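Report on one structure; see the data block that follows.
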Amino acid sequence: MVKAMITSARTYADFTTQATFEIKKCDVFKLDEGPATQVVLTRDEGLQYYRTMQTMRRMELKADQLYKQKIIRGFCHLYDGQEACAVGIEASINLSDHLITAYRAHGYTYTRGGTVKEIMAELTGRRGGIAKGKGGSMHMYCKHFYGGNGIVGAQVPLGAGVALACKYQGNNELCVCLYGDGAANQGQIFETYNMAALWKLPVIFICENNRYGMGTSVERAAASTDYFKRGEFIPGLRVDGMDVLCVREATRFAADHCRSGKGPILMELQTYRYHGHSMSDPGVSYRTREEIQEVRSKSDPISMLKDRMLSNNMASVEELKEIDVEVRKEIEDAAQFATTDPEPPLEELCNHIFCDMPSLEVRGTNPWAKLKSVS
Amino acid sequence: MAAAARLFIRGANSKLSIAPSSLGVTLLKLSPNCSSRTKTQRRHATHFTFQPDPVPSQYGPTQKMNLFQSITSALDNTLASDPTAVIFGEDVAFGGVFRCTVGLRDKYGKDRVFNTPLCEQGIVGFGIGVAVAGATAIAEIQFADYIFPAFDQIVNEAAKYRYRSGNLFDCGNLTIRAPWGCVGHGALYHSQSPEAFFAHCPGLKIVIPRGPIQAKGLLLSCIADKNPCIFFEPKILYRAAVEQVPEEPYTIPLSQAEILQEGSDVTLVSWGTQIHVLKEVASMAQEKLGVSCEVIDLQTILPWDIETVCKVVGFPLERTVQLSSFGLRCGQTEIIEVSLQADNKTERKTQNVGSHKDRKTSKSRWSKQDACLSVTRHR
């Protein structure tokens with residue numbers, strides 16, 4: 001009896017505080033060397049990444065559930081499977097840096113400082129939402145996070161502009177500008193590459209290549225699937241986007257590159273999304289269930305991190321389970337809030353069209369229905 | 001919905017003393033201040049019921065089709081009869097996100113029905129090239145909201161090709177199709193009705209059908225038309241609108257408005273989904289207010305059938321046309337406002353449903369199609 005008590009009382013002194021891991025080497029383009037392949041992960045960092053990724057995963061799954069219950073309407077693009085990208089990137093930049101992405105934005109809203117409550121309330125279109133309930137899934141914003149953009153590829157020139165502002169203000173900040181494999185074929189991306197390289201803007205272009213642009217596989221959409229080379233005169237890295245340590249290391253390398261004044265750099269994160277393009281896409285008409293299952297079993301970012309930590313004695317199964325339980329509770333509370341918070345009042349429907357103008361009347365659904373717009 | 005009703009209260013003889021608010025209240029379903037709900041939310045979208053057209057008898061045997069099926073039928077007819085016809089756009093190969101091109105790739109081959117990468121500007125530019133070289137190009141833009149990267153190509157290249165080459169070259173073989181209009185859950189980027197942006201552009205034709213029978217006929221006319229055409233398909237009607245559509249190809253002439261219902265007191269002019277709202281409105285007005293409404297479907301937005309509308313509304317065309325520049329909010333309806341010459345002796349009651357600033361008056365040297373007219377409020 002006494003023996004059992006002693007062995008079950010594990011103290012934190014039992015855990016290794018840090019361990020070194022070997023990660024996959026990145027393919028490089030127009031670079032003499034790439035990011036380090038030997039990385040150090042501390043216990044605290046590991047637990048934090050685990051918690052963040054698990055929160056994002058559960059949040060997306062909850063959103064899936066709420067969507068199917070028709071509590072979330074409209075469009076909903078889920079990020080599960082790609083958590084390592086958001087967490088890895090955030091681990092190597094500061095909150096004072098800037099980030100902009102496309103519509104698969106829930107994960108980034110969280111890593112950039114949004115709370116799960118605010119995010120879920122925005123999905124359900126309530127007052128407590130991060131965009132006051134008027135943005136929805138695709139239009140979430142918070143400090144130094146410029147959304148959340150619906151039109152494919154349109155956010156990339158914006159990102160370069162933010163980077164120009166950073167350079168101009170000399171504040172040593174940079175801008176991380178994300179887009180997908182589908183957007184990589186848009187004309188404005190190339191215009192942006194040119195401007196960023198010409199003016200040596202501190203921008204990290206990141207192509208999240210999840211192999212499918214909606215329903216079109218990359219081979220059928222792109223003449224060159226080496227997205228990290230598409231910058232042509234911009235150096236590039238191809239990174240395993242399912243491994244949070246790989247992403248972190250590559251982003252660190254890229255951030256150093258930018259901050260040292262060398263100009264833009266391009267990263268391709270090879271990742272995968274488990275859900276379809278959006279909630280109206282089952283996701284199995286253009287790829288096999290076996291493929292999804294394979295990625296889930298072999299390369300799931302959360303499982304990979306968990307295995308690493310457990311096999312190196314950096315955490316215990318119970319500890320991680322406890323984190324899971326806490327995360328689940330947080331998501332449940334957020335979902336409860338998101339379902340019960342009231343919608344924004346009708347008077348706010350047309351606000352914020354303009355700024356600093358006397359309030360004007362906006363036409364409603366017919367010429368006599370006038371709504372007020374307060375700027 | 002951007003296609004709003006235009007009300008013209010005709011003549012001094014009108015017995016009508018409609019207070020706009022009364023009609024407004026019946027039309028608008030106001031969403032009450034929402035209290036918190038745990039159950040699924042009620043939708044507060046303005047409702048409409050699709051009103052099918054009667055079965056046409058002059059085009060041969062018909063088949064029950066919804067809007068996307070009628071589009072597929074039109075495209076099928078085109079690919080069968082025109083060996084140069086090609087269809088391209090995002091995701092058209094598997095059938096399209098709205099199923100408008102289902103089965104065509106299997107039937108006609110992958111060199112005639114193919115996907116493009118995600119690049120609207122490229123799609124339209126490419127389409128112009130295909131058309132100039134002599135093939136019939138049918139380009140699909142996945143949602144009308146995404147047409148803006150292609151705006152330059154459409155307005156600066158496609159529309160002006162014939163003019164600037166002195167009729168040596170043209171891209172009349174180009175037809176651009178795009179799902180259009182609000183759908184309830186589309187929000188900013190899946191609901192837009194951008195026809196007004198293009199309506200200022202000479203050289204283009206813009207067509208919007210109200211149902212499957214019109215859609216097939218108008219699309220075939222657009223494809224046959226020797227001018228670049230933009231064909232907007234009301235996405236909310238893709239499945240909801242079911243009619244008996246002729247199987248054989250047939251055309252409905254462009255730039256001809258259709259009078260759906262004759263009336264003597266008020267004229268309602270619109271296009272697309274809103275026609276069905278107006279038909280309901282017309283019957284409600286008759287029933288509840290004893291008002292006889294005339295309902296006109298413009299069908300072609302540019303160049304629009306100004307003659308039919310003017311004839312119906314009772315404004316003679318010989319009057320001088322006032323050319324006006326536009327005010328702050330310039331939707332398509334504001335463009336189609338009929339102006340009277342400053343002839344204050346004639347008492348006409350017109351309903352001002354838009355406002356203009358900077359009105360410049362000059363005698364118009366342009367064709368009546370190009371003239372922009374404005375409603376003058378007689379207070």
Side-chain angles (χ1 to χ4, degrees), chain A residues 69-75 103 124-127 134-139 149-154 180-189 213-216 218 220-223 277 280-281 285-286 336 339-347 349 360-370, chain B residues 1 4-7 19-25 27-41 43-46 90-91 93-94 97 114-122 125 142 145-146 148-149 182 184-190 274 277 281 328-329 331 333 351-354:
Chain A
Q69 291 175 295
K70 297 205 182 195
I71 297 172
I72 296 177
R73 312 299 308 270
F75 295 94
Y103 46 78
T124 52
R126 308 303 168 96
R127 255 176 247 221
K134 282 163 68 174
S137 165
M138 286 196 273
H139 307 113
N149 292 282
I151 300 293
V152 172
D181 47 282
N185 301 317
Q186 269 276 340
Q188 26 194 350
I189 312 286
M214 206 160 82
T216 307
V218 294
R220 292 193 299 131
H277 164 76
S280 45
D281 171 23
S285 50
Y286 47 86
Q336 183 60 22
T339 338
T340 52
D341 199 36
E343 286 182 2
L346 192 61
E347 295 84 63
L349 182 63
L360 57 106
E361 283 194 329
V362 174
R363 193 194 127 118
T365 54
N366 66 60
W368 305 280
K370 294 275 186 248
Chain B
M1 294 175 198
R6 304 295 299 137
L7 286 191
S21 56
S22 60
L23 262 185
V25 164
L27 282 174
L28 178 68
K29 275 199 171 92
L30 273 173
S31 158
N33 265 334
C34 298
S35 53
S36 66
R37 285 170 228 268
T38 46
K39 297 228 171 90
T40 52
Q41 303 279 340
R43 283 183 70 169
H44 295 289
T46 316
E90 290 158 25
D91 298 307
F94 86 95
V97 288
F114 54 90
N115 285 337
T116 59
L118 215 170
C119 47
E120 287 73 23
Q121 187 175 19
Q142 196 157 84
D145 313 55
Y146 308 157
F148 300 110
C182 75
H185 56 273
L188 292 157
Y189 301 118
H190 295 77
Q274 198 69 1
V277 177
V281 165
L328 197 55
R329 294 172 301 283
T333 50
Q351 181 73 28
N352 181 15
V353 263

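Each chain gets a letter, A, B and so on, in the order its sequence line appears, and its residues count up from 1. Because the structure is predicted, anything quoted here is derived from the model rather than measured.
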Identify the two heavy atoms, one from A:N185 and one from B:C119, that lie closest to each other, and give their separation to 0.1 Å.
O-CB, 3.7 Å

A:M138 and B:L188: CA distance, side-chain angles, deciding distance, side chain to side chain contact (heavy atoms under 4.5 Å, CB included) verdict
CA-CA 10 Å; A:M138 286 196 273; B:L188 292 157; over 6 Å; no

Toward chain B, the part of A:A222 with a non-hydrogen atom under 4.5 Å:
neither

To the nearest 0.5 angstrom, please state how far the OH atom of B:Y189 sits from the OH atom of A:Y103.
13.5 Å

Nearest 0.5 angstrom please: A:M214 CE to B:D91 CG, how far?
4.0 Å

So which heavy atom on B:H185 is nearest to which on A:F75, and how close?
O-CE1, 3.6 Å

Name the member of B:E120, B:H190, B:Q121, B:E90 that forms the most heavy-atom pairs with chain A at distances under 4.5 Å.
B:H190

Atom of B:D145, atom of A:I151 and distance for their closest heavy-atom approach
O-CD1, 4.1 Å

